[in-house]
Amino acid sequence: MKELINYILQFGQLDKQQIDLVMNNVVESSLHKGEHFSEAGKVPKQVGFIVDGVIRGYYHHNNGEEITRCFISENSLVADYVNFEANTVSAEYLQACTDCRLIIFPKDNWEKLSRAVAGWDNIKNKMVQICMYQKSRKGPVISQDATTRYREFMENYPSLINRVPLAYIASYLGVTQQSLSRIRRNIR
């Protein structure tokens, strides 16, 4: 839990009583590799904080192909926040790439903190901005060649190279898994 409190305190000050209130409104949880945090076709009901592990955001292309949009790892919020806030059905999935340990804010508790903790909305807004930035596809520019895209991925996500299945990285880069294997061989 201390990871979550340290994260929150980057965005504003809370006294001990407010911290206790936050802690009383979260639950520890875990996801096994392959399980979903939220799914397309459903209304997101929670905001999570990743203590350990990696979650990917993806959607299905018209032809059914999975397209990975983002990777979210430790010490980050994870949520389909626009649909969570609007109480609308999601078009994307958030799935564990590795086994994950999370701290979860159920929707009712997330909203209750806004009413009970002075300054929470300001802290929450700053955390959500970072969450939404991480979820927005800030990844490879498809007009770049595949090797350049992979090199940028290695720079931006060095800790993910050996933690995330190559199929997800290939999808994120917009290349086939065979092309990614060839690129990796040529870089070594």
Side-chain angles (χ1 to χ4, degrees), residues 1-8 10-11 22 25-61 64-107 109-110 123-140 149-150 152-175 177 180:
M1 293 275 188
K2 75 176 186 327
E3 296 96 340
L4 174 62
I5 294 305
N6 289 340
Y7 181 77
I8 291 170
Q10 293 177 66
F11 304 103
V22 170
N25 282 283
V26 297
V27 260
E28 293 186 62
S29 184
S30 62
L31 286 175
H32 294 292
K33 180 179 177 177
E35 289 183 326
H36 287 92
F37 179 78
S38 66
E39 298 179 70
K42 297 181 180 177
V43 176
K45 297 289 187 196
Q46 59 192 5
V47 171
F49 175 79
I50 304 172
V51 176
D52 188 37
V54 180
I55 291 179
R56 75 176 177 128
Y58 73 96
Y59 63 94
H60 287 111
H61 192 271
E65 177 186 9
E66 284 184 9
I67 307 294
T68 299
R69 260 181 22 96
C70 64
F71 294 101
I72 307 157
S73 58
E74 290 87 359
N75 296 312
S76 298
L77 283 189
V78 60
D80 179 349
Y81 201 79
V82 171
N83 291 305
F84 170 82
E85 194 63 36
N87 209 34
T88 55
V89 172
S90 180
E92 295 188 344
Y93 297 85
L94 291 170
Q95 179 189 45
C97 295
T98 64
D99 287 342
C100 295
R101 283 188 314 121
L102 301 149
I103 298 171
I104 304 293
F105 292 90
K107 186 170 181 80
N109 296 17
W110 182 259
I123 291 170
K124 175 182 76 172
N125 291 340
K126 291 175 185 174
M127 292 189 304
V128 166
Q129 276 185 321
I130 297 210
C131 173
M132 296 194 52
Y133 173 73
Q134 288 174 321
K135 234 184 114 233
S136 68
R137 185 160 182 140
K138 62 182 187 288
R149 293 195 306 262
Y150 182 65
E152 286 185 5
F153 178 84
M154 291 189 315
E155 273 181 45
N156 294 332
Y157 301 104
S159 69
L160 299 185
I161 299 294
N162 296 317
R163 294 175 68 193
V164 174
L166 285 182
Y168 297 162
I169 296 172
S171 167
Y172 179 76
L173 297 172
V175 299
Q177 204 169 334
L180 179 57

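The chain is numbered in sequence order, starting from 1. Below, all heavy atoms of this structure are taken into account, side chains as well, without hydrogens, waters or symmetry copies. Since the model is a prediction, treat every value here as computed from it, not as a measurement.
- The two residues Leu160 and Ile169 have their closest heavy-atom pair at O-CD1, 4.4 Å.
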| Stepwise side chain to side chain contact (heavy atoms under 4.5 Å, CB included) test for Tyr168 and Val54 | CA-CA 12 Å; Tyr168 297 162; Val54 180; over 6 Å; no
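- Within the 4.5 Å cutoff, the side chain of Glu28 has no heavy atoms near those of the Val51 side chain.
- Side-chain contact check for Ile104 versus Phe37: some heavy-atom pair is nearer than 4.5 Å.
- Between the side chain of Asn156 and the backbone N or O of Glu152, at least one donor-acceptor pair lies under 3.5 Å.
- Listed here is the closest heavy atom pair of Pro165 and Cys97: CD-O, 4.2 Å.
- Contact annotation: the side chain of Tyr58 approaches that of His60 to within less than 4.5 Å [non-hydrogen atoms, C-beta and beyond].
- In this structure, CG on Leu180 lies 5.5 Å from CG on Leu166, to the nearest 0.5 angstrom.
- Within the model, atoms NZ of Lys2 and CD1 of Ile5 stand 12.0 Å from one another, a figure rounded to the nearest 0.5 Å.
- At distances below 3.5 Å, not a single donor-acceptor pair connects side-chain atoms of Arg69 with backbone N or O atoms of Gly57.
- Counting heavy atoms from C-beta on, the side chains of Asn83 and Glu92 never come closer than 4.5 Å.
- Atom CD of residue Gln10 and atom CG of residue Asn75 lie 8.0 Å apart, to the nearest 0.5 angstrom.
- You'll find the side chain of Thr68 stays beyond 4.5 Å of the side chain of Val164, heavy atoms only.
- To the nearest 0.5 Å, atom SG of residue Cys131 and atom NZ of residue Lys124 are 12.5 Å apart.
- Under the side chain to side chain contact (heavy atoms under 4.5 Å, CB included) criterion, Glu35 pairs with Leu31, His32, sequence neighbours left out.
- Between Phe49 and Tyr7, the ring-plane angle classifies as tilted under the 30° and 60° cut-offs.
- Taken to the nearest 0.5 Å, the OG atom of Ser29 stands 10.5 Å off from the CD1 atom of Ile103.
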| Hey, mind stepping through Phe11 and Asn125 against side chain to side chain contact (heavy atoms under 4.5 Å, CB included) and telling me if it holds? | CA-CA 9 Å; Phe11 304 103; Asn125 291 340; over 6 Å; no
| message | Is there a side chain to side chain contact (heavy atoms under 4.5 Å, CB included) between Lys33 and Thr98? Walk through the geometry before answering. | response | CA-CA 4 Å; Lys33 180 179 177 177; Thr98 64; 5.6 Å; no
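- Residues forming a salt bridge (charged side-chain N to carboxylate O under 4.0 Å, His left out) with Glu74 (at least two apart in sequence, or on another chain): Arg163.
- Tyr172 places a side-chain heavy atom less than 4.5 Å from the side chain of Tyr157.
- Sequence neighbours left out, the pairs with a member in residues 44-60 that pass salt bridge (charged side-chain N to carboxylate O under 4.0 Å, His left out) are Arg56-Glu66.
- No hydrogens or angles considered: nothing links the side chains of Ser38 and Asp80 as a donor-acceptor pair under 3.5 Å.
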| Would Val128 and Glu85 count as a side chain to side chain contact (heavy atoms under 4.5 Å, CB included) if you check the C-alpha gap in whole Å, the side-chain angles of each, and the deciding distance to 0.1 Å? | CA-CA 11 Å; Val128 166; Glu85 194 63 36; over 6 Å; no
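- The shortest distance between side-chain heavy atoms of Trp110 and Gln46 does not fall below 4.5 Å.
- The aromatic rings of Tyr93 and His36 sit tilted relative to each other, their planes meeting at an angle between 30° and 60°.
- To the nearest 0.5 Å, atom CZ of residue Phe71 and atom OG of residue Ser76 are 14.0 Å apart.
- Contact of the Leu77 side chain with the Val47 side chain is registered, since non-hydrogen atoms from C-beta on lie closer than 4.5 Å.
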